[in-house]
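Report on the following structure.
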Amino acid sequence: MAADASSGPSIWLSAGALMILGVGYSRVYFGVHYITDIAAGYLAGLFCISTAFLIIRDKRTAISGYRYISSYRN
């Protein structure tokens with residue numbers, strides 16, 4: 001049974017999420033960091049990803065709007 005093409009990104013996202021959680025767990029397990037350090041790192045990462053997503057989304061909206069304006073003829 002072959003997987004369809006739409007399952008590809010979800011597999012990579014799941015693997016990435018598992019790696020992130022695993023590294024966080026291992027840092028606490030080996031006593032390198034406290035759980036609060038890991039939680040703060042996760043929150044900082046979430047903030048960075050959210051900010052980048054909003055910036056990219058706004059730039060795409062501005063670029064697509066610019067295309068419509070630039071196609072206007074005098």
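The closest side-chain heavy-atom distance from L21 to Y42 is below 4.5 Å.
To the nearest 0.5 Å, the span separating CD1 on I56 from OG1 on T51 amounts to 11.0 Å.
By the side chain to side chain contact (heavy atoms under 4.5 Å, CB included) test, T36 pairs with Y34, sequence neighbours left out. The side chain to side chain contact (heavy atoms under 4.5 Å, CB included) search around L46 returns S50, not counting sequence neighbours.
A single hydrophobic cluster is not seen to contain both I20 and L13; linkage of ILVMFWY side chains at heavy-atom distances under 4.5 Å, directly or through other members, places them apart.
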